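Take a look at the structure set out below.
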Amino acid sequence: MLHERYDPTTIESKWQARWAADDLYRTAPADERPKYYVLDFYPYPSGEGLSVGHCRNYVPTDVVARYYRMKGYNVLHPMGWDAFGLPTENQAIKTKTNPSVLTRRYAANYKRQMNLIGASYDWSREITSSEPDYYHWTQWIFLRLYDHWYDPRVDQARPIAELEAELTAYGTSRLGLPLSERGVTAEGWQTANPLERQEILKRFRLAYRGEATVNWDPVDKTVLANEEVGPDGRAWRSGALVERRTLKQWFFRTTAYADRLDRDLDTVDWPGRIVTMQRNWIGASVGAEVSFKTVAGDELIVFTTRPDTLWGATFMVLSPEHPLVAKLTTPTQQATVEAYVAQASTNASAPVPVEEKEKTGVFTGSYAVNPVNGAEIPIWVADYVLMGYGTGAIMAVPAHDERDFAFALKFGLPIIPVIQRPDDAARSVVRRGTYAEDLPNQLRAAGYQFSEQDGDLVVDLTGAQAEAYAHLVQPALLNGWTEIAGSGWKFIFPDVIVAFDTVEADQQLAAQISTALQRNDLPTVMAYLTTIPAYRTLLYHDEIGVPINSGTINGLPGDEAISRTIDLLEAEGQGKARHNYKLRDWLISRQRYWGTPIPIIHRADGLEVMETDEQLPVTLPGVENYEPTATGESPLAQIDEWVKVTLSDGQHGRRETDTMGTFACSSWYFLRFVDPRNPHELARQEELAYWLPVDMYVGGAEHAVMHLLYARFWTKFLYDIGVVPFIEPFQSLRNQGLILAPPREVDGQIVIEKMSKSKNNVITPDEVVATHGADALRGYECFISDFEAAVPWSTDGVPGIRRWLDRVWRIVLNPEQDRAGEGAFTERQLQRVLHQTIMRVEHDIKEFKFNTMVAALMEFTNALYKAREAGLSKTPTWAEAIETLMRLIAPVAPHIAEELWARTQRSYSIHQQSWPKADPALAAEEEVEIVLQVNGKIRDKLVVPADADEAQLRDVALQSERVKGYVGDKTIRKLIVVPGKLVNIVVG
RNA sequence: GCCGGAGUGGCGAAAAGGCAAACGCUGCGGUCUUAAAAACCGCUGGGGGCAACCCCUUACGGGUUCGAGUCCCGUCUCCGGCACCA
């Protein structure tokens with residue numbers, strides 16, 4: 001009987017309609033089955049629709065979802081829309097359309113495309129982050145953050161009311177604040193007025209309105225993102241020089257969770273590079289705060305990771321934005337410092353490629369006292385110190401910090417080594433004409449390594465040899481001097497040996513050298529040493545090592561030196577251990593219309609008031625005009641009827657007009673999917689407890705830091721306040737590789753580019769489905785390459801998959817066609833391939849090896865053709881194999897699987913069938929081909945029983961004629977036998 | 001500069017330290033056909049040999065091992081991230 005040909009267009013739309021009508025993929029609520037939550041990064045719907053690149057995400061997750069359903073899991077596989085944000089808002093302004101209308105239109109198109117490729121989402125759970133019933137709960141979480149603070153003593157968020165109680169009783173005395181954070185006493189708190197209390201609490205709330213330095217475009221009168229400022233510091237659109245402005249902005253206190261965000265990365269199954277990127281972003285470092293007193297008596301606190309280098313701190317540097325800059329500047333330096341600070345504020349905003357940038361800075365005129373040795377050291381201002389990290393001030397240790405080293409050299413500041421080089425390497429150049437003729441012989445006799453260059457002797461030695469070396473060389477010095485650099489630092493003159501170990505020695509030596517050389521550009525010893533090429537690599541190092549020139553900690557092992565110094569400082573009240581992070585608080589304010597409104601009201605008296613839970617959601621007003629205002633305020637600020645409110649106590653207030661950036665919406669959407677229509681709470685407890693954490697989360701690596709970090713932060717906070725019972729939201733994470741445009745030839749060169757509308761090289765799923773069908777597209781998305789690898793789309797690849805599906809179609813429906821009854825393929829072989837294929841496909845799905853999964857299915861199909869050729873199509877194994885093939889292809893090719901299932905008179909639906917069970921015993925080989933090697937080279941192959949033991953293998957190997965030919969009468973030195981694999985005979 | 005990741009046929013790629021190139025694409029040859037398409041069969045890393053076979057080959061240079069695409073050291077190239085974080 002001849003069947004009609006495989007026609008994907010007809011069968012795909014037919015089954016899609018049937019599945020939708022039957023609600024086939026509707027997920028049941030929590031039940032007794034094991035669950036599997038497989039989630040795609042929810043997309044931002046744009047007017048351009050999906051490309052085949054996006055499908056690289058949605059097809060594999062759909063394979064996984066379908067596989068786990070067949071395995072008997074209760075599977076949650078939802079989809080929703082990240083709908084707020086700038087692109088839609090800008091499009092709305094341009095087309096004078098309400099952004100919610102655009103969002104619905106774009107999302108509907110995405111949904112149509114997802115259905116087109118047969119994605120099995122439970123659309124009853126579809127969510128849209130810009131709908132009030134969703135952002136109601138974004139606002140609710142905002143208010144919880146606002147109303148909580150982080151208590152590091154218990155490593156947990158606590159209600160603000162509890163902080164107020166503590167402040168009333170103890171002030172901040174028990175909170176363990178860093179030295180650089182101003183505390184408050186119980187009395188100070190008790191006598192503070194409400195506004196002052198608001199200011200104090202702001203420093204603890206997990207959502208707070210604080211000052212932020214931002215890029216301000218004075219022509220367009222708006223705040224710009226870093227990406228909108230060019231490398232020359234000019235605004236991308238207006239061309240104006242961007243200024244740094246300090247504006248009030250809303251933040252979430254991510255930094256409070258820095259340690260847990262770092263630590264808990266150990267508990268997740270994520271790609272290593274994502275974990276690394278998050279760790280780098282958080283940037284944890286341990287060290288200490290050190291309190292310096294200026295000569296005038298002000299306290300200046302720095303953060304350092306190397307308290308052991310404190311004795312080598314020869315100057316201090318403040319960020320230009322540091323609050324004490326003005327106070328510490330002396331009258332004579334005032335004009336210089338003010339000019340520098342002003343210039344820094346315009347320059348610093350631009351994300352200039354900092355690398356190789358010449359250091360700049362100015363002296364304030366003031367001095368501070370080094371707490372460990374009493375040395376008075378100058379205080380400078382320089383833009384290489386950032387206000388946003390640590391305390392915005394540093395102690396400069398130029399001998400062991402690359403930036404300080406460059407700065408000190410440029411401005412002639414002293415550089416004194418205080419940490420011994422771990423390799424103890426040292427070098428000494430004895431210059432031509434300064435030494436007695438016999439010195440080379442003496443050095444040789446004493447065993448020193450040296451070379452002669454133009455009459456200069458360059459001697460390599462160690463710090464340990466420095467003393468002996470100095471005494472050997474000194475008598476041979478006729479005039480001038482030599483020096484030892486790197487370790488054992490010394491200057492050797494004919495009459496005296498001077499150690500280079502203090503600022504005083506530095507000054508004296510530098511003066512002496514300058515006089516001798518008649519130069520005035522060598523203010524320090526290091527300035528001189530850098531002029532000698534042979535020393536360059538030895539002058540600076542930043543490794544942990546044994547302290548020298550460091551008073552009481554001299555000679556301690558490096559790690560001990562650090563902890564000892566911290567102990568010392570703590571005992572004297574001059575310092576304190578501290579963990580520090582590069583991570584900054586999360587700036588959430590956007591001065592735009594299309595975002596979640598921030599549920600805070602500003603009272604006329606300046607106090608912030610939370611919107612009550614009952615009044616949520618605070619909805620966006622429907623307005624005609626979304627243009628940003630000339631003042632850079634949100635357009636909402638101009639809508640009086642929305643902004644002006646009367647509070648329950650009759651007071652007047654104004655709504656906050658900033659909205660939240662979209663990362664707020666995406667920080668919790670994965671929770672809403674478990675109970676998406678709940679009007680009473682974010683989601684029911686039992687659904688959260690059952691479904692979460694997400695078992696498999698899949699999306700592009702471009703969200704490696706921001707989204708994933710913020711979502712983790714919110715999860716931990718919600719855990720602290722008892723809303724969710726888990727600490728990490730995404731158990732496993734995978735990143736699909738990018739799909740690039742097909743290669744094309746330009747001027748004889750093959751170029752591969754990203755797909756983009758502007759380059760007109762986007763390939764849509766619509767066009768591929770139209771010509772080859774959705775199942776072929778799905779198969780090719782899986783087969784194209786390793787899941788994580790970036791790869792150009794190849795138009796030639798899809799027909800290959802289509803051919804395979806055609807072969808599946810024919811072998812299932814025409815088992816008897818073309819049978820010749822010839823060929824060597826046994827029923828047992830077919831059975832073995834059948835069970836091996838089940839195991840391979842299952843393994844590959846779990847390992848995200850979708851390319852080899854498809855290859856295994858192709859090989860299985862090829863084996864069926866061989867079996868048919870051999871006349872096996874009437875056997876029971878054949879029937880089992882055909883049915884198994886249909887089940888195995890169901891996840892990757894759901895439409896053809898369903899059609900074949902129906903055409904072979906099986907009951908609807910294949911997607912509700914169970915996954916076939918592999919029998920490892922039936923999958924096992926009875927015979928294996930082993931390799932015989934002589935000296936590692938393959939010389940023969942033979943087939944042996946799979947369970948042949950070592951002795952048997954050795955015997956058959958030695959009987960092989962070919963092996964004998966290579967072994968000859970040589971001695972067998974070694975015999976390696978790997979059962980089931982090979983025998984290697986080592987002769988010689 | 002620092003931190004990741006990757007370099008394998010003409011192409012996309014496979015390969016728990018154990019037969020390199022599975023699977024697919026392309027190309028070539030063949031079967032079927034009046035012909036073409038489709039389908040099916042064979043070949044398709046390089047070199048040598050009439051052949052049986054032999055030698056070489058996983059970016060490059062070393063090393064460990066009976067045995068290395070896989071592990072270690074160094075170099076080069078490409079991709080991604082960070083950007084003066086004290």
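Every value quoted in this text rests on a predicted model; they were computed, and no experiment measured them. Quick note on labels: first sequence line is chain A, next is B, and so on, each numbered from 1.
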Base paired to [N] (Watson-Crick or G-U; both N/O distances under 3.5 angstrom):
{"N": "A39(B)", "value": "U31(B)"}
{"N": "G1(B)", "value": "C82(B)"}
{"N": "G24(B)", "value": "C11(B)"}
{"N": "G69(B)", "value": "none"}
{"N": "U64(B)", "value": "none"}
{"N": "U77(B)", "value": "A6(B)"}

Between Asn280(A) and Tyr865(A), just flag the one whose closest nucleotide in RNA chain B comes earlier from the 5' side.
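The 5'-side residue here is Asn280(A).
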
Take Gln933(A) and Thr391(A), find for each the nucleotide of RNA chain B with the closest heavy atom, and name the residue whose nucleotide sits nearer the 5' end.
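Residue closer to the 5' terminus by nearest nucleotide: Gln933(A).
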
Examine [N]: is either OP1 or OP2 under 4.0 Å from a nitrogen or oxygen in the side chain of [X]? Give yes or no.
{"X": "Arg5(A)", "N": "A38(B)", "result": "no"}
{"X": "Tyr966(A)", "N": "C54(B)", "result": "yes"}
{"X": "Ser785(A)", "N": "A13(B)", "result": "yes"}
{"X": "Lys582(A)", "N": "C2(B)", "result": "no"}
{"X": "Lys981(A)", "N": "G18(B)", "result": "no"}
{"X": "Ser285(A)", "N": "A86(B)", "result": "yes"}

For [N] and [M], measure between their [atom1] atoms and round to the nearest Å.
{"N": "U8(B)", "M": "G61(B)", "atom1": "P", "result": "16 Å"}
{"N": "A13(B)", "M": "C23(B)", "atom1": "C1'", "result": "8 Å"}
{"N": "C32(B)", "M": "C40(B)", "atom1": "C1'", "result": "8 Å"}
{"N": "G24(B)", "M": "A14(B)", "atom1": "C1'", "result": "11 Å"}
{"N": "G69(B)", "M": "U57(B)", "atom1": "C1'", "result": "11 Å"}
{"N": "G47(B)", "M": "G10(B)", "atom1": "P", "result": "11 Å"}
{"N": "U33(B)", "M": "G48(B)", "atom1": "P", "result": "40 Å"}
{"N": "U64(B)", "M": "U70(B)", "atom1": "P", "result": "15 Å"}

Can you check the [X] [atom1] to [N] [atom2] distance for me, whole Å?
{"X": "Asp383(A)", "N": "C84(B)", "atom1": "CG", "atom2": "C1'", "result": "9 Å"}
{"X": "Met387(A)", "N": "A86(B)", "atom1": "CE", "atom2": "C1'", "result": "14 Å"}
{"X": "Asn935(A)", "N": "A68(B)", "atom1": "CG", "atom2": "P", "result": "12 Å"}
{"X": "Lys754(A)", "N": "C78(B)", "atom1": "NZ", "atom2": "P", "result": "17 Å"}
{"X": "Tyr389(A)", "N": "C82(B)", "atom1": "OH", "atom2": "P", "result": "18 Å"}
{"X": "Asp786(A)", "N": "G5(B)", "atom1": "CG", "atom2": "C1'", "result": "12 Å"}
{"X": "Leu738(A)", "N": "G5(B)", "atom1": "CG", "atom2": "C1'", "result": "15 Å"}
{"X": "Phe407(A)", "N": "A86(B)", "atom1": "CZ", "atom2": "P", "result": "18 Å"}

Within the structure shown, what part of the strands sits under 4.0 Å from [X] by heavy-atom distance: base, sugar-phosphate, or nothing?
{"X": "Val978(A)", "answer": "base"}
{"X": "Ile784(A)", "answer": "sugar-phosphate"}
{"X": "Asn580(A)", "answer": "nothing"}
{"X": "Ile938(A)", "answer": "sugar-phosphate"}
{"X": "Asp404(A)", "answer": "nothing"}
{"X": "Lys359(A)", "answer": "base"}
{"X": "Arg962(A)", "answer": "sugar-phosphate"}
{"X": "Arg279(A)", "answer": "nothing"}

Does NZ or CZ of Arg810(A) come closer than 6.0 Å to the centre of the six-membered ring of Tyr6(A), within 45° of the ring's axis?
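The answer is no, since Arg810(A) fails at least one limit relative to Tyr6(A).
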
Syn or anti for G9(B), please, going by whether the chi angle lies within 90° of 0.
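Syn conformation for G9(B).
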
Between Asp266(A) and Arg279(A), does any NZ, NE, NH1 or NH2 come within less than 4.0 Å of an OD or OE carboxylate oxygen?
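Here Arg279(A) pairs with Asp266(A) in a salt bridge, since their nearest N and O are under 4.0 Å apart.
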
By the definition side-chain contact (heavy atoms from CB on, under 4.5 Å), identify the one residue from Thr391(A), Asn580(A), Val302(A) that meets it with Glu289(A).
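The option that passes is Thr391(A).
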
Tabulated below should be each protein N or O lying under 3.5 Å from an N or O of nucleotides 23-25 of chain B; please produce it.
from   : atom 1 : to        : atom 2 : distance (Å)
G24(B) : OP1    : Asn862(A) : ND2    : 3.2
C25(B) : OP1    : Arg803(A) : NE     : 2.9
C25(B) : OP1    : Arg803(A) : NH2    : 3.0

Between the base of C19(B) and the side chain of Glu929(A), is there any donor-acceptor pair under 3.5 Å?
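A donor-acceptor contact between them is present.
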
Is the CD atom of Glu402(A) crowded by more than 12 outside heavy atoms at less than 6.0 Å?
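Not more than 12 within 6.0 Å, no.
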
From A83(B), G18(B), A86(B), nucleotide with atom closest to Leu386(A) side chain:
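Of all the options, the side chain of Leu386(A) is nearest to A86(B).
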
Which nucleotide, A86(B), C82(B), C66(B), lies nearest any side-chain atom of Trp281(A)?
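That would be C82(B).
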
Can you name the nearest heavy-atom pair linking Asn761(A) to Ser756(A), along with the distance?
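Here Asn761(A) and Ser756(A) meet closest at OD1-N, 2.8 Å.
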
Grab the two heavy atoms, one from Ile416(A) and one from Ala399(A), that are nearest each other, plus how far apart they are.
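Closest heavy-atom pair between Ile416(A) and Ala399(A): O-CB, 3.4 Å.
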
Decide side chain to side chain contact (heavy atoms under 4.5 Å, CB included) for Trp380(A) and Leu413(A); before the verdict, give the C-alpha distance in whole Å, the side-chain angles of both, and the deciding distance to 0.1 Å.
CA-CA 11 Å; Trp380(A) 285 63; Leu413(A) 295 158; 3.7 Å; yes

How about [X] and [Y]: are their ring centres within less than 6.0 Å of each other?
{"X": "Phe783(A)", "Y": "Trp804(A)", "value": "no"}
{"X": "His400(A)", "Y": "Tyr540(A)", "value": "no"}
{"X": "Phe407(A)", "Y": "Phe405(A)", "value": "no"}

Between Arg306(A) and Ile544(A), does the side chain to side chain contact (heavy atoms under 4.5 Å, CB included) criterion hold? Intermediate values first, please.
CA-CA 9 Å; Arg306(A) 295 293 302 274; Ile544(A) 303 266; 3.8 Å; yes

